[in-house]
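Scroll down for the structure; my scribbles are underneath it.
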2 protein chains.
Amino acid sequence: MGRGKVELKRIEDKCSRQVTFSKRHKGLMKKARELAVLCDVELSVFIFSGGGRFYEFSSGDSTSPISSIVACFHLYASAT
Amino acid sequence: MGRGKVELKRIEDKCSRQVTFSKRHKGLMKKARELAVLCDVELSVFIFSGGGRFYEFSSGDSTSPISSIVACFHLYASAT
DNA sequence: TCTCCTATTTATAACGG
DNA sequence: TCCGTTATAAATAGGAG
């Protein structure tokens, strides 16, 4: 998408990489949410960015099977 | 995308829901892979579909920080 | 359930602030 | 780093096999 084709390789320019991360990270989370709702499945997405930040999307509530994975992630993230 | 707009709600027809899951699940994994490569981040996507099946995408290797989460997921999945 | 097809919607690259 | 715009690449809905 966009004004040009993108090669599937690490973006070397740090600034561009950050900008692309910001956009695509949001896009991925949106897609994840759509998949969960449309298809009625449980899913989680975990992202560790280089700066030690992390992002997460999870469908379902605390009683869902996937919650144990989410809990595991939070435990890990808080200990890092 | 596609021939019509899609409402963000559960697809009631089971057959359509399966077909949409099949397509979007692949799309999400592809997006995840692209984000990981382009932006040099570690990430995992876990999906539990209704039929007790699960799908996963993880960047990074066994020495990456996220591997503990992945291991947790596999442990959970194999015990289910 | 998968593949092919293609009209259409959607995501996003590049740019300016 | 975030937001808005716009041209364009990509994802995908619906239908057929």
Side-chain angles (χ1 to χ4, degrees), chain A residues 1-60 64-66 70 73-74 76-78 80, chain B residues 1-60 64-66 70 73-74 76-78 80:
Chain A
M1 322 73 148
R3 298 298 178 85
K5 220 168 177 175
V6 175
E7 262 195 291
L8 194 54
K9 53 175 276 192
R10 182 176 188 274
I11 297 169
E12 292 306 327
D13 180 60
K14 186 177 179 178
C15 191
S16 302
R17 194 165 69 241
Q18 291 279 0
V19 170
T20 296
F21 175 76
S22 175
K23 289 181 177 179
R24 282 179 174 259
H25 143 251
K26 286 180 188 169
L28 186 69
M29 295 307 196
K30 186 180 178 189
K31 287 283 187 190
R33 183 163 35 248
E34 290 178 354
L35 180 62
V37 172
L38 291 172
C39 303
D40 199 22
V41 296
E42 307 230 7
L43 60 84
S44 289
V45 178
F46 303 112
I47 305 175
F48 284 90
S49 75
R53 298 172 196 233
F54 63 91
Y55 305 85
E56 177 219 329
F57 169 73
S58 292
S59 68
S64 70
I66 214 164
V70 178
F73 172 77
H74 284 300
Y76 179 86
S78 65
T80 308
Chain B
M1 323 72 150
R3 298 298 176 84
K5 218 168 180 177
V6 175
E7 262 194 291
L8 194 55
K9 52 174 277 193
R10 182 176 188 274
I11 296 169
E12 292 305 327
D13 179 61
K14 186 177 179 179
C15 192
S16 301
R17 194 165 67 241
Q18 291 279 0
V19 171
T20 296
F21 175 77
S22 175
K23 289 181 177 178
R24 282 179 173 258
H25 144 251
K26 286 180 189 168
L28 186 69
M29 295 308 196
K30 185 180 178 189
K31 287 283 186 190
R33 184 163 36 248
E34 291 177 354
L35 180 63
V37 172
L38 291 172
C39 302
D40 198 22
V41 296
E42 305 230 11
L43 61 85
S44 289
V45 178
F46 302 112
I47 305 176
F48 283 91
S49 75
R53 296 169 196 237
F54 63 92
Y55 305 85
E56 177 219 328
F57 169 73
S58 292
S59 68
S64 70
I66 214 165
V70 178
F73 173 78
H74 284 300
Y76 179 86
S78 64
T80 307

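Naming: A, B, ... by sequence-line order, numbering from 1 per chain.
- Within 4.0 Å of A:Ser22, counting heavy atoms only, lie sugar-phosphate atoms of the nucleic acid but no base atom.
- Per the geometry, CG belonging to A:Leu35 stands 16 Å off C1' belonging to C:dT10, to the nearest Å.
- Using modelled atom types, no side-chain atom of B:Ser58 and backbone atom of B:Ser44 make a donor-acceptor pair closer than 3.5 Å.
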**OP:** Produce a footprint string for nucleotides 8-13 of chain D: one letter per nucleotide, 5' end first; B if the base is under 4.0 Å from any protein heavy atom, S if only the sugar-phosphate is, - if neither.
**Re:** BBSBBB
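- Separating the CG atom in B:Leu8 from the CZ atom in A:Arg33 is a distance of 8.0 Å, to the nearest 0.5 Å.
- Under the 4.0 Å criterion applied to side-chain N and carboxylate O atoms, B:Arg10 and B:Glu12 are assigned as salt-bridge partners.
- For the pair A:Arg53 CZ and D:dT1 P, the interatomic distance rounds to 7 Å; values are reported in whole Å.
- Distance CE (A:Met29) to P (C:dA11): 15 Å, rounded to an integer number of Å.
- For B:Asp13 and D:dG15, the CG to C1' distance is 14 Å, given to the nearest whole Å.
- To the nearest 0.5 Å, atom CD1 of residue A:Ile47 and atom CZ of residue A:Arg24 are 12.0 Å apart.
- For the pair A:Ser59 (side chain) and A:Leu43 (backbone), a donor-acceptor distance under 3.5 Å is present.
- Across every non-hydrogen atom of A:Leu28 and B:Lys31, the tightest pair is CD1-CB, 3.6 Å.
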